[in-house]
Number of protein chains: 2
Amino acid sequence: MATPEPKNKRTEIREAAARLFRDKGYAATSMRDLARAVDLKAASLYNHFESKEDILRQICFDNAHRFLEGLQEVERGTGSATEKLRALISLHIQMATEDVTSITAFNDEWRHLNEPYLSEFKTIRRDYEHRFQAIIEDGVRRGELCSIDPHIATYTIFSSMRWLYDWYKSGRRISTDDLQRDISSLLMKGLSV
Amino acid sequence: MATPEPKNKRTEIREAAARLFRDKGYAATSMRDLARAVDLKAASLYNHFESKEDILRQICFDNAHRFLEGLQEVERGTGSATEKLRALISLHIQMATEDVTSITAFNDEWRHLNEPYLSEFKTIRRDYEHRFQAIIEDGVRRGELCSIDPHIATYTIFSSMRWLYDWYKSGRRISTDDLQRDISSLLMKGLSV
DNA sequence: CCTACCGATCGGTAGG
DNA sequence: CCTACCGATCGGTAGG
């Protein structure tokens with residue numbers, strides 16, 4: 001009973017889209033490609049989504065909110081700046097390894113959003129970056145971290161895990177635990193006094 | 001005298017293409033966009049390049065060879081693994097800051113190459129990665145670097161500088177010297193014993 | 001280097 | 001959810 005179908009089809013389309021956007025890029029993915037991937041005709045996709053951009057929009061904003069929630073939880077904690085930073089690095093690795101396809105589309109394809117969504121997305125992103133950077137600044141001020149430029153540190157941390165998105169496509173031969181340990185230790189040691 | 005025009009126009013088109021590919025992506029850049037950027041009609045572009053992909057091809061392979069040359073020079077050196085690694089990090093930062101637009105297109109758009117060029121490009125890239133990783137493995141073996149997984153270390157270093165490509169688009173307020181110092185010290189300290 | 005034009009494909013809609 | 005179809009735009013060519 002009830003209607004389990006509609007929601008599942010929507011999710012199925014969204015996931016197929018994330019995969020195609022990651023593999024071919026948003027612009028190179030046609031609605032006919034996507035329809036084929038979910039065994040539908042192109043026109044039928046419009047019963048589930050307003051437009052091609054609507055799908056991208058949901059992928060981008062859903063992931064943005066997941067990152068923001070993770071950050072908020074860390075901010076509410078009572079640990080040292082070092083502990084918070086370590087938790088944030090874990091968050092990024094976790095996001096990258098849990099839902100790879102979606103995160104890749106989120107990372108690389110948001111620039112294809114149209115206004116006003118593009119500006120809205122950039123604002124959220126900038127907010128995240130600033131709050132992340134504030135934690136590093138705090139750590140430097142307290143003498144927990146070395147006197148690195150917090151801006152450089154923030155972006156270096158962000159991008160240092162980007163290879164996971166590409167790399168997870170092919171057969172991954174490293175356990176998530178090893179990743180956590182090695183990446184986290186490299187970055188934390190690099191930032192230590 | 002002579003003919004300085006042809007070569008200059010070719011270069012002008014290539015640079016405009018690199019900028020457009022970086023800003024909008026390869027698939028979303030039309031030959032009409034590119035023609036407009038260099039004050040030509042779309043059809044005239046085909047006097048300078050065989051196809052749209054031909055332009056991308058040149059950007060990708062030129063940069064691949066520049067990276068390989070830099071690596072070769074480092075490999076020929078007699079320094080320790082630590083010194084070689086430091087030189088390679090410098091190479092990446094230098095490439096990223098010297099010719100940003102071209103490097104971004106090289107980094108993100110190569111997947112739009114068609115066969116057999118796609119396979120050829122991936123082979124070159126894999127070769128570069130393996131030789132880079134060999135230097136890290138050597139450093140670990142000699143006890144110069146900590147016992148991190150060399151594979152994780154290699155890719156973390158590669159991607160840790162990727163933000164430079166995006167970030168250089170907007171007004172850069174950090175000097176190249178500061179970048180060199182902070183990024184290099186973060187990574188080298190992170191990898192030290 | 002241009003005008004004129006090609007077939008293919010695009011995102012999306014009408015109407016059922 | 002489909003068939004049928006729209007105008008727009010794509011990469012590229014012919015011919016000069």
Side-chain angles (χ1 to χ4, degrees), chain A residues 2-60 105 109-118, chain B residues 2-60 105 109-118:
Chain A
T3 52
E5 267 286 84
K7 191 153 194 183
N8 286 345
K9 199 66 186 179
R10 242 184 106 81
T11 308
E12 189 191 337
I13 294 169
R14 227 200 70 152
E15 285 171 3
R19 183 175 309 273
L20 285 165
F21 293 168
R22 179 198 64 178
D23 291 341
K24 315 175 54 166
Y26 175 78
T29 299
S30 73
M31 290 301 264
R32 283 155 180 87
D33 289 335
L34 178 54
R36 201 177 309 116
V38 294
D39 257 313
L40 241 48
K41 295 295 173 182
S44 307
L45 293 171
Y46 293 88
N47 291 311
H48 300 282
F49 294 92
E50 275 179 21
S51 64
K52 185 183 171 189
E53 195 214 351
D54 183 24
I55 307 176
L56 178 64
R57 214 147 57 206
Q58 294 194 18
I59 294 172
C60 289
E109 306 300 331
W110 58 266
R111 62 178 164 174
H112 293 109
L113 291 170
N114 293 317
E115 295 293 0
Y117 305 101
L118 180 61
Chain B
T3 52
E5 269 285 85
K7 190 154 193 182
N8 287 343
K9 200 66 185 179
R10 243 183 105 80
T11 308
E12 189 191 339
I13 294 170
R14 227 200 70 150
E15 284 171 3
R19 183 175 308 275
L20 285 165
F21 293 168
R22 179 198 65 179
D23 290 341
K24 315 175 53 165
Y26 176 77
T29 300
S30 73
M31 291 300 264
R32 285 157 180 85
D33 289 335
L34 178 54
R36 202 178 308 117
V38 294
D39 256 313
L40 240 48
K41 295 295 174 182
S44 305
L45 293 170
Y46 292 88
N47 290 312
H48 300 282
F49 294 92
E50 275 178 22
S51 63
K52 186 183 169 187
E53 195 213 353
D54 183 26
I55 307 176
L56 177 64
R57 213 145 59 206
Q58 294 195 18
I59 294 172
C60 289
E109 307 300 331
W110 58 267
R111 62 177 165 176
H112 294 109
L113 291 170
N114 294 316
E115 296 294 359
Y117 304 102
L118 180 60

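Note on naming: letters A, B, ... go to the chains in the order of the sequence lines (proteins, then strands), and numbering restarts at 1 for each one.
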Under 3.5 Å donor-acceptor pairs involving side-chain atoms of residues 30-38 of chain A, not counting sequence neighbours:
residue, atom, partner, partner atom, Å
A:Ser30, OG, A:Arg32, N, 3.4
A:Ser30, OG, A:Asp33, N, 3.0
A:Ser30, OG, A:Asp33, OD2, 3.3
A:Asp33, OD2, A:Lys24, NZ, 3.0
A:Asp33, OD2, A:Ser30, N, 3.0

- Which nucleotides of nucleotides 1-16 of chain C have their base under 4.0 Å from a protein heavy atom (B), which only their sugar-phosphate (S), and which neither (-), written as one string 5' to 3'? BBB------SBBB---
- Partners of B:Phe21 by ring-ring contact (aromatic ring centres under 6.0 Å, His included), sequence neighbours excluded? B:Tyr26
- Contacts of B:Asn47 that satisfy side-chain hydrogen bond (donor to acceptor under 3.5 Å, both in side chains) - sequence neighbours left out: none
- Quick one: list whatever passes side-chain hydrogen bond (donor to acceptor under 3.5 Å, both in side chains) with A:Arg19, sequence neighbours left out. none
- Task: Identify, with sequence neighbours excluded, every residue that meets side-chain contact (heavy atoms from CB on, under 4.5 Å) alongside A:Glu15.
- Result: A:Thr11
- Gap between atom CG of A:Asp54 and atom CG of A:Asn114 - 0.5 Å precision: 11.5 Å
- A:Glu50: partners by salt bridge (charged side-chain N to carboxylate O under 4.0 Å, His left out), with sequence neighbours left out: A:Arg57
- Message: Dot-bracket, 5' to 3', for DNA chain D please: Watson-Crick or G-U pairs under 3.5 Å, [ ] where pairs cross earlier ones, | where the partner sits on another strand, dots elsewhere.
- Response: ||||||||||||||||
